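In what follows, a single structure is set out as structure tokens and then discussed.
Hydrogens, waters and symmetry mates play no part in the numbers below; they use all other heavy atoms, side chains included. All of these numbers come straight from a predicted model, not from anything done at the bench. Sequence lines set the chain letters: A, B, ... in the order given, protein chains first and strands last, and positions in each chain run from 1.
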2 protein chains.
Amino acid sequence: MIYLSNTSIDMALKNLKDSLDNYRFGAKETIAVDTALGRVLAENVFANRSVPHYHSSAMDGYQVRAEDTVDANVDNPVSLSWSKVKYVDTGDPILPEYDSVIKIEDIHKKEEGIEILSAATKWQHIRPIGEDVTAHDLLLTIGRKLKPMDIAALIASGIRHIDVFKIPKVAILPTGDEIVPYDKEPQVGEIVDSNSHLFYGMVKEWGGEPEVYPITPDNFDKIKEVVSKAVANSDMVLINAGSSAGSEDFTSQVVENLGEVIHHGIAVRPGKPTILGNIGGKPVIGVPGYPVSGYVVMDVIVKDVFYHLNGQVTPSRKKIEAKLTKPVVSDLKYQEYVRVKVGKINGQFIVSPMSRGSALMSTVVQGDGFLVIPQSSEGYKAGETVQVEVFEEKNYDNTLVSIGSHDMALDILATYLAPQLGISSAHVGSLGGIMALKKGEAHFAGIHLLDPQSGTYNIPYIKKYLKGTKIVLMNLVKRTQGLMVQKGNPKNIKAIGDLPGLSLANRQKGAGTRVLLDYLLEQAGVSPASIQGYNKEYFTHLAVAAEVKSKRADAGVGIYAAAKAMDLDFIPLYEENYDLLLSEEFYLSPKFKELQNVLTKTDFKTEVEALGGYNLEECGNIISLEENNSKI
Amino acid sequence: MIYLSNTSIDMALKNLKDSLDNYRFGAKETIAVDTALGRVLAENVFANRSVPHYHSSAMDGYQVRAEDTVDANVDNPVSLSWSKVKYVDTGDPILPEYDSVIKIEDIHKKEEGIEILSAATKWQHIRPIGEDVTAHDLLLTIGRKLKPMDIAALIASGIRHIDVFKIPKVAILPTGDEIVPYDKEPQVGEIVDSNSHLFYGMVKEWGGEPEVYPITPDNFDKIKEVVSKAVANSDMVLINAGSSAGSEDFTSQVVENLGEVIHHGIAVRPGKPTILGNIGGKPVIGVPGYPVSGYVVMDVIVKDVFYHLNGQVTPSRKKIEAKLTKPVVSDLKYQEYVRVKVGKINGQFIVSPMSRGSALMSTVVQGDGFLVIPQSSEGYKAGETVQVEVFEEKNYDNTLVSIGSHDMALDILATYLAPQLGISSAHVGSLGGIMALKKGEAHFAGIHLLDPQSGTYNIPYIKKYLKGTKIVLMNLVKRTQGLMVQKGNPKNIKAIGDLPGLSLANRQKGAGTRVLLDYLLEQAGVSPASIQGYNKEYFTHLAVAAEVKSKRADAGVGIYAAAKAMDLDFIPLYEENYDLLLSEEFYLSPKFKELQNVLTKTDFKTEVEALGGYNLEECGNIISLEENNSKI
């Protein structure tokens with residue numbers, strides 16, 4: 001059993017960098033300037049030539065001697081004969097005998113020459129030599145990542161070759177008996193190597209040259225061999241994974257054997273089991289295997305080392321201030337990176353923390369940024385203003401925030417709104433959606449809540465929870481809920497009454513489907529305790545269907561479209577209303593008009609109906625709420 | 001004479017887009033997912049496989065049946081025999097007979113099995129099938145530009161091929177009799193083709209495939225021929241330049257002949273003479289020839305059309321709020337893009353407008369962003385808070401703002417501070433630097449102001465202008481000022497008294513060198529009126545030297561290093577103090593310590609001395625100010 005240390009990120013990075021061969025480690029190479037976009041300068045560059053390199057006309061017009069024009073004014077036009085002036089296009093050289101240019105718009109052309117109505121001042125409309133760049137000016141300094149205008153300026157200033165840092169080569173070493181290449185269908189217990197592709201892409205984006213090695217099995221000698229080779233051929237080596245303290249983790253032993261482990265265990269979450277090592281003066285980093293851990297360690301640690309090698313300051317992410325919707329608790333021991341969704345409601349940024357599992361790569365794909373909780377902070381309270389590091393620039397004014405129940409029709413709606421409008425969705429069930437609307441944290445919520453007393457949908461819940469909140473209710477779809485069972489229905493399930501003694505994949509509390517199941521169970525006089533798995537919760541229709549498909553459950557309640565997608569049999573139980581609850585602000589905005597516009601499209605309706613089990617007859621209809629309620 | 005229209009940017013873009021063949025015009029292609037980084041999805045992608053695709057252990061530990069553990073607590077350890085448990089590594093599958101995992105840290109290994117001190121709950125430390133992604137989940141929507149984690153998620157979800165938009169091909173057509181390729185040394189009247197490289201780089205950065213055509217001369221038939229060919233082979237054509245209303249501008253005629261000119265003349269400055277055209281349903285844009293005009297038109301107009309073709313929303317720039325140091329006046333007719341420098345002083349962003357000439361590419365290279373002044377705005381007053389669109393994320397906390405006189409030693413200092421600290425310099429002369437310090441708009445200012453009364457440097461000016469402002473004065477260098485004359489000194493100039501009747505390249509008012517010249521002229525009893533060119537001002541030593549080098553002036557006053565760089569003869573006149581005036585805030589900050597540290601380095605001193613005419617004996621010395629002054 002290895003006990004990991006818990007070194008702070010800053011300290012660990014400092015110690016690793018200090019151990020490396022030397023500060024600006026990247027070797028240089030000389031390249032042609034027109035191939036240098038995105039490369040990093042390894043020298044200070046001084047101009048070879050002035051820009052412009054001759055006195056040139058800034059306008060189309062006539063070059064003149066200013067002293068010939070001094071008497072001209074509106075009351076006293078002056079004529080200059082052709083022998084005293086000369087036409088110039090923009091960029092043409094000024095001849096030594098002239099010292100001023102008059103714009104073509106400001107002259108009258110006559111047979112004998114030009115007539116002017118105002119005096120020209122010396123040097124007007126002339127770009128003197130060196131106006132933009134003077135020869136020997138310092139143009140760009142070492143460490144500059146070359147942008148398009150830099151290249152143009154170098155070229156204009158007579159520079160043809162420059163010294164840049166060689167692109168750092170980063171070796172990516174996937175290891176593990178359970179890892180298989182991405183083009184192989186993984187068996188149970190096998191994991192497809194997606195991390196190497198993640199790391200490859202990140203290194204590419206930083207401007208490095210990644211090289212992915214073949215997968216090495218969990219074997220000390222084999223790992224040692226490939227690490228030795230990679231260190232010899234690269235500027236930096238990433239070993240993935242084997243960096244935690246499990247039984248088959250050889251990474252730290254190999255690094256120790258070939259060089260030095262500087263730190264094993266960093267105070268970052270996810271990402272704690274990271275190894276920072278040095279072999280032969282080069283950084284060798286053991287990156288954890290869970291995708292989000294890997295992403296965070298690449299982003300927070302590896303990137304910084306990479307830029308260091310390249311003589312550059314690590315670029316920082318854009319930060320925005322936003323109001324936190326839910327409390328976030330953090331361990332004092334770690335700097336924690338919580339993935340969040342960001343939305344803008346009523347002009348204010350709203351940030352919602354996502355699931356924190358370090359295996360959930362979907363939280364990075366769907367997320368908008370990190371809420372970084374420093375070491376020694378216990379986290380934040382709901383309603384606090386926090387800083388969020390966003391993954392990319394995004395126009396949040398064009399992003400609709402949807403918090404509530406999930407339905408596939410929403411996904412299809414999103415594809416019709418793109419690219420003008422985006423939907424940022426959080427799937428928290430119907431009741432969660434109602435609460436989000438109440439707190440002003442969403443533009444709309446998908447809800448489908450059956451009221452057991454009245455047998456009606458949604459309106460009783462709105463009355464109960466949203467008194468005084470201005471909202472509008474609109475039908476999106478009607479959809480068929482039913483029992484999803486294995487293909488061929490081997491347990492011969494015909495109705496809810498058949499469930500006792502069988503196993504079920506259930507939905508979470510607060511989900512409309514859960515409310516429906518409980519209603520149907522009660523109607524059928526079935527006790528939840530008689531059903532295996534009733535207490536294990538899944539968060540989407542597809543997750544329930546997948547559980548049935550894998551034969552871990554005999555049945556689950558869900559929509560027809562999910563059963564169809566998973567090729568399951570389906571016993572219809574109930575047609576329910578899946579409505580959108582809209583905030584007043586959103587309902588009155590032009591963005592709602594765009595959404596409404598999609599709902600009228602035949603293409604949209606056809607695509608949703610093709611999923612199966614959907615009825616769009618009332619799609620887009622506003623549902624009347626009673627007068628004492630809150631309809632606008 | 002063609003009169004250009006003045007259509008607003010939004011209207012012009014809308015009309016051009018409406019005229020194009022169809023909305024998502026980019027053709028699709030199917031590619032392997034591991035080659036798709038940065039490509040744009042042309043389809044919605046649904047998961048093929050759940051992640052994880054089997055119930056898997058989230059920890060290294062033992063899989064157990066939770067019901068076997070219910071009695072365990074600290075007072076009542078429970079032993080489970082080897083037949084009842086099975087070891088799992090993280091990621092290993094959970095066998096059907098188990099439903100819980102106990103972490104390795106939480107067990108005691110015994111001979112007969114494991115001992116535990118707390119009950120396990122069902123499903124603890126197990127990642128159920130589909131926890132991250134469920135098969136058939138909508139993973140990513142059309143229009144998404146694929147990031148590294150997207151690729152990883154696609155791979156993990158069993159996706160091997162995807163449909164993406166073909167990369168738009170953008171033809172770049174340089175035209176003009178005066179344009180020569182960048183590897184040819186330009187003669188007077190010739191201009192090196194730097195714009196094609198600028199446009200190439202920008203298209204690359206957007207994710208397009210640029211193709212630069214050979215330079216076409218100013219000839220209607222030849223331009224028509226190359227435009228026809230480019231339209232046939234590309235998705236978008238850029239013609240540079242010939243878009244203004246000069247005598248040899250064939251661009252609009254060619255577009256009109258082959259298709260339609262939608263707009264000629266856009267309400268943007270710089271960039272007005274832009275042509276938006278449509279040939280055969282494809283966009284053809286005439287981009288103006290001045291580099292900054294070209295940059296703005298590419299950035300504001302062409303980029304938007306490019307993203308439109310690719311089915312994406314054009315990314316917006318990061319905006320920051322900053323205090324404006326100087327008034328900016330703008331014509332009501334145009335949306336104007338003023339290049340600015342951004343600094344952060346005392347926690348506040350400060351923005352300084354730069355020179356506005358549309359030919360000054362150095363303003364884009366050295367600038368930090370655009371101050372965008374909307375059409376129908378007259379501009380902003382000094383001290384107003386304005387929004388700046390910054391070119392890139394940058395840590396302004398690590399950027400020193402230097403406003404004042406320029407000296408080459410400052411450039412060298414900057415290279416020693418990089419990459420940890422950057423210097424953002426504005427060259428406004430010594431007096432301008434003193435005023436910037438007074439207003440709190442700079443960290444430091446380089447100054448070298450001779451007091452004609454006392455013959456001393458800088459201190460009298462500080463007393464006069466900075467009473468009550470807390471500052472520190474430090475010597476950077478002493479340097480030799482003198483007369484720069486043509487090689488071999490053909491006019492036989494020996495002293496200031498020889499200048500009458502000759503031509504001079506002079507510095508701007510407020511520059512220390514100008515003050516020195518005026519002092520020397522007075523001492524020598526020479527009248528400025530007797531010297532040609534006294535009133536034409538240049539802003540740097542090198543600009544003056546270049547003027548002498550080009551033989552437009554017989555002499556100029558400047559530092560030895562500039563004369564040496566331009567290979568001119570030099571007649572020494574005066575050794576002056578070039579000091580740094582430091583704000584108290586900066587002097588007391590750790591950043592000053594870093595700067596001070598550079599000044600002690602032998603490498604730095606040697607490099608400055610090698611420029612010639614420098615004396616670094618007192619470099620870094622704090623200069624005592626009198627007691628009634630403001631030294632800390």
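Shown here for B:Val33 and B:Ile159, the closest heavy-atom pair between the two residues is CG1-O, 3.4 Å. Summarising the geometry of B:Pro291 relative to B:Leu198, their closest heavy-atom pair is O-CD2, 4.0 Å, with the distance given to 0.1 Å. Nearest approach of B:Ser355 to B:Leu360, heavy atoms of both residues: CB-CD1, 3.5 Å. The shortest non-hydrogen separation linking B:Leu37 to B:Lys147 is CD1-C, 3.8 Å. Closest of all the heavy-atom pairs between B:Asp193 and B:Tyr182 is O-CB, 4.4 Å. Across A:Ala156 and B:Met361, no two heavy atoms sit closer than the pair CB-CE, 3.6 Å.
Put simply, of B:Glu205, B:Met408, B:Lys204, the one with the most heavy-atom pairs under 4.5 Å next to chain A is B:Glu205. Counting heavy-atom pairs closer than 4.5 Å to chain A, the top residue among B:Ile151, B:Thr363, B:Asp150 is B:Asp150. For the options A:Asp137, A:Asp92, A:Val133, heavy-atom pairs under 4.5 Å to chain B are most numerous at A:Asp137. Note on A:His541, A:Gln187, A:Gln366: by heavy-atom pairs under 4.5 Å with chain B, the leading option is A:Gln187. Annotation: maximal heavy-atom pairing with chain B below 4.5 Å, among A:Ala135, A:Gly91, A:Gly130, A:Pro315, occurs at A:Ala135. Of all the listed residues (A:Ser550, A:Pro128, A:Gly61, A:Ala359), the one sharing the greatest number of non-hydrogen pairs under 4.5 Å with chain B is A:Ala359. With chain A as the partner, the residue from B:Asp411, B:Val192, B:Asn535 showing the most heavy-atom pairs under 4.5 Å is B:Asp411. Among A:Ser157, A:Ala58, A:Ala562, the residue with the largest count of heavy-atom pairs under 4.5 Å with chain B is A:Ala58. For the set A:Val51, A:Val188, A:Val364, the entry with the most heavy-atom pairs within less than 4.5 Å of chain B is A:Val188. Note: B:Lys318 leads B:His197, B:Met202, B:Lys318 in heavy-atom pairs under 4.5 Å with chain A. With respect to chain A, the highest number of heavy-atom pairs below 4.5 Å among B:Glu131, B:Arg127, B:Lys549 belongs to B:Arg127. Of the residues considered (B:Ile129, B:Asn395, B:Asp183), B:Asp183 shows the highest number of contacts with chain A, using heavy-atom pairs under 4.5 Å.
For a residue to count as touching a neighbouring chain, one of its non-hydrogen atoms must lie under 4.5 Å from one of that chain's; by this rule A:Ser362 touches chain B with backbone and side chain alike. Residue A:Asn398 does not touch chain B at all, counting heavy-atom pairs closer than 4.5 Å. Proximity to chain B (any heavy atom under 4.5 Å) is shown, for A:Glu43, by neither the backbone nor the side chain. Of the two parts of B:Met566, the backbone and the side chain both hold a non-hydrogen atom closer than 4.5 Å to a non-hydrogen atom of chain A. Interface residue A:Thr540: only side-chain heavy atoms are found under 4.5 Å from chain B. For A:Phe199, no part sits under 4.5 Å from any heavy atom of chain B, backbone or side chain. Interface residue B:His136: backbone and side-chain heavy atoms are both found under 4.5 Å from chain A. With a 4.5 angstrom heavy-atom cutoff, B:Phe46 does not touch chain A via any of its atoms. Residue contact with chain B, scored on non-hydrogen atoms closer than 4.5 Å, involves the backbone of A:Leu139 exclusively.
Between the side chains of A:Tyr416 and A:Glu607, at least one donor-acceptor pair of N or O atoms lies under 3.5 Å. A side-chain donor from one of B:Arg552 and A:His55 sits under 3.5 Å from a side-chain acceptor of the other. Using modelled atom types and a 3.5 Å distance limit, the side chains of B:Asn44 and B:Thr141 yield no donor-acceptor pair. With hydrogens and angles left out, the side-chain atoms of B:Asp60 and B:Thr90 include a donor and acceptor closer than 3.5 Å.
Distance alone, capped at 3.5 Å, is enough to place a donor-acceptor pair between the A:His53 side chain and the B:Glu190 backbone.
For A:Asp299 and A:Arg317, the salt-bridge test passes: some basic side-chain N is under 4.0 Å from an acidic carboxylate O. Using a 4.0 Å cut-off between a side-chain N of Lys or Arg and a carboxylate O of Asp or Glu, B:Glu185 and A:Arg49 qualify as a salt bridge.
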